[in-house]
2 protein chains.
Amino acid sequence: MRPLFHPPIEAVRLEAVLHALSDPVRVAIFADIAGADCARTCSAFASVNDRQIPKSSLSQHFKVLREAGLIRSERQGVEMHNTARCAEMEGRFPGLVAAIVKAHEVEAAGRTEGIEGLAAK
Amino acid sequence: MRPLFHPPIEAVRLEAVLHALSDPVRVAIFADIAGADCARTCSAFASVNDRQIPKSSLSQHFKVLREAGLIRSERQGVEMHNTARCAEMEGRFPGLVAAIVKAHEVEAAGRTEGIEGLAAK
DNA sequence: TCCCATAGTTCGGGAAATTGGAACTATTGA
DNA sequence: TCAATAGTTCCAATTTCCCGAACTATGGGA
């Protein structure tokens, strides 16, 4: 297994970041990792937004996030510890990650309201 | 020709916005429109980043930006006037569009430096 | 040491999205 | 009415995405 590739922060491309986060499963994963105070494993996301994600797909999703420069993945025994590279990203593209994570929360909140609104009928 | 569809601002999806702007041609187009003080036509972008864009592709790109909620397109005689929906987007996802446009500028500046650095050798 | 379980990666083929040339539509002006 | 201009739609070739199956790596036991 080739060692995981992490781009140096100055090589991070906006295009790759936006592409990585333009997938609903990946933003959800990233928002969770970015909001967590400790590293998260891949298998922690076997289900995202009440949907089962096959592990081959999960692996791909983590690869996309990693190669976009959004997360750092380190093997810790049998599992993988993933952390967000928020501080570095903030240096490269100020405000970007924060705005996206916030936007993701806005949308999630809107969805919950929708459900409540529906349930209230 | 069916009338152009513009999503109401509250229906705008983060996923669609990020996907729309994850293409180098589309961010460049959007950044230009967002920075312009008057409407821009599609044909103004026959070439983007020194690359020729066929008009069928351009038409698709504008459609993606429009359906993501990022721009408004209105026919004005024989041409199409495109304007950015920045204020509305700011209300829906505060700071998002501004951070992306800024990040795009950061990258463009980095590229220019690179060229200058190369030329200086 | 050998085997098993766990965590993730890689491979490969079918499905879906993107690209761009050619043909088409809409609007204006002569 | 005809020609010119500005975009759109169609479609086929290419590319990318998704996920099941097979594989690799690490850490325990027996």
Side-chain angles (χ1 to χ4, degrees), chain A residues 1-6 13 15-30 32-33 38-68 70-83, chain B residues 1-6 13 15-30 32-33 38-68 70-83:
Chain A
M1 200 167 298
R2 72 170 74 75
L4 301 177
F5 173 69
H6 295 90
R13 309 265 288 103
E15 184 181 337
V17 170
L18 297 185
H19 171 252
L21 298 178
S22 70
D23 179 278
V25 172
R26 287 192 298 257
V27 237
I29 290 175
F30 179 74
D32 183 298
I33 295 177
C38 61
R40 324 274 281 125
T41 65
C42 299
S43 51
F45 302 94
S47 122
V48 172
N49 292 151
D50 296 329
R51 209 176 126 252
Q52 294 304 110
I53 313 292
K55 57 183 192 165
S56 58
S57 303
L58 260 190
S59 182
Q60 283 305 311
H61 285 319
F62 275 93
K63 185 181 181 192
V64 171
L65 289 171
R66 188 165 55 236
E67 298 190 345
L70 285 160
I71 63 171
R72 192 172 291 284
S73 308
E74 288 169 294
R75 171 151 247 166
Q76 214 80 44
V78 78
E79 57 195 21
M80 206 67 128
H81 282 196
N82 299 285
T83 48
Chain B
M1 202 166 301
R2 73 169 75 74
L4 302 177
F5 173 69
H6 295 89
R13 309 265 288 102
E15 183 182 338
V17 170
L18 298 185
H19 170 253
L21 298 177
S22 69
D23 179 278
V25 172
R26 285 191 300 256
V27 237
I29 290 175
F30 179 74
D32 184 298
I33 295 176
C38 61
R40 326 246 22 212
T41 66
C42 299
S43 51
F45 302 93
S47 121
V48 172
N49 293 152
D50 296 328
R51 207 175 126 252
Q52 294 305 110
I53 312 292
K55 57 183 192 163
S56 58
S57 302
L58 259 191
S59 181
Q60 282 305 313
H61 285 319
F62 275 93
K63 185 182 179 190
V64 171
L65 289 171
R66 188 165 54 236
E67 298 192 344
L70 285 160
I71 64 173
R72 192 172 292 285
S73 308
E74 288 168 294
R75 172 150 245 166
Q76 215 80 43
V78 79
E79 57 194 22
M80 206 66 126
H81 282 196
N82 299 285
T83 48

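Atom set for the values below is all heavy atoms of this structure, side chains included, hydrogens, waters and symmetry mates excluded. All chains are named by letter (A, B, ...) in the order of the sequence lines, taking the proteins before the strands, and each is independently numbered beginning at 1.
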- Query: Which atom names give the shortest non-hydrogen contact between A16(B) and A68(B), and what distance separates them?
  - Reply: O-CB, 3.6 Å
- From the list R66(B), H81(B), K63(B), side chain to side chain donor-acceptor pair (under 3.5 Å) with S73(B) holds only for R66(B)
- Query: Any salt bridge (Lys or Arg N to Asp or Glu O under 4.0 Å) pairs touching residues 15-28 of chain B, not counting sequence neighbours?
  - Reply: R13(B)-E15(B)
- For the pair made of CE in M80(B) and P in dA6(D), what is the distance, rounded to whole Å? 13 Å
- The bend of the helix from dT1(C)-dA30(D) to dA30(C)-dT1(D), taken between the axes of its five terminal pairs at each end and rounded to 10°, is 10°
- Message: Just to verify, what does S43(A) make a side-chain hydrogen bond (donor to acceptor under 3.5 Å, both in side chains) with, not counting sequence neighbours?
- Response: T41(A)
- Message: Tell me which residues in residues 38-46 of chain B lie within less than 4.0 Å of DNA chain D, going by non-hydrogen atoms.
- Response: T41(B), C42(B), S43(B)
- Task: Enumerate the residues from residues 48-58 of chain B whose closest heavy atom to DNA chain C is under 4.0 Å, giving them by residue number; use none for an empty result.
- Result: R51(B), P54(B), S56(B), S57(B)
- Query: CD of E74(B) versus C1' of dT27(C): gap in Å, rounded?
  - Reply: 16 Å
- Does OP1 or OP2 of dC17(D) have a side-chain N or O of H19(A) closer than 4.0 Å? yes
- Note: N49(B) and A28(B) closest approach over all heavy atoms is OD1-CB, 4.2 Å
- Note on the structure: Rounded to whole Å, CG of L4(A) lies from C1' of dT24(D) at a distance of 13 Å
- Message: Just verifying a value: how many Å separate I33(B) CD1 and L70(B) CG, rounded to the nearest 0.5 Å?
- Response: 9.5 Å
- State which of dA6(D), dT19(C), dA7(C) makes the closest approach to the side chain of V78(B). dA6(D)
- Query: What are the two closest heavy atoms between R40(B) and A44(B), and how far apart are they?
  - Reply: NH2-CB, 4.1 Å
- Task: Indicate yes or no: at least one non-hydrogen side-chain atom of V25(B) is less than 4.5 angstrom from one of F45(B).
- Result: no
- Item | Nucleotide nearest S59(A) (side chain, heavy atoms from C-beta), chosen from dT5(D), dT19(C), dT9(C) | dT9(C)
- For the student: nearest non-hydrogen atoms of T83(B) and A39(B), plus distance: CG2-CB, 3.8 Å
- Item | Flag side-chain contact, heavy atom, 4.5 Å: M80(A) against L4(A) | yes
- Only counting residues at least two apart or in another chain, list the ones meeting side-chain hydrogen bond (donor to acceptor under 3.5 Å, both in side chains) with S59(A). none
- NA contact type, D23(A), heavy-atom cut-off 4.0 Å: base, sugar-phosphate, or nothing? sugar-phosphate
- Message: Could you tell me how far apart Q60(A) (CD) and dG20(D) (P) are, to the nearest whole angstrom?
- Response: 14 Å
- Let me know the distance between CD of E67(B) and C1' of dT9(D), rounded to the nearest Å. 14 Å
- Query: NZ of K63(B) versus P of dT19(C): gap in Å, rounded?
  - Reply: 14 Å
- Message: In whole Å, I'd like the distance from the CZ atom of F62(B) to the C1' atom of dA6(D).
- Response: 12 Å
- Query: Using a cut-off of 4.0 Å on non-hydrogen atoms, how would the nucleic acid contact of H61(B) be classed: base, sugar-phosphate, or nothing?
  - Reply: sugar-phosphate
- Starting at CZ of R75(A) and ending at P of dT24(D), how long is that distance when rounded to a whole Å? 13 Å
- Item | Spacing of L18(B) atom CG and L21(A) atom CG [to the nearest 0.5 Å] | 6.5 Å
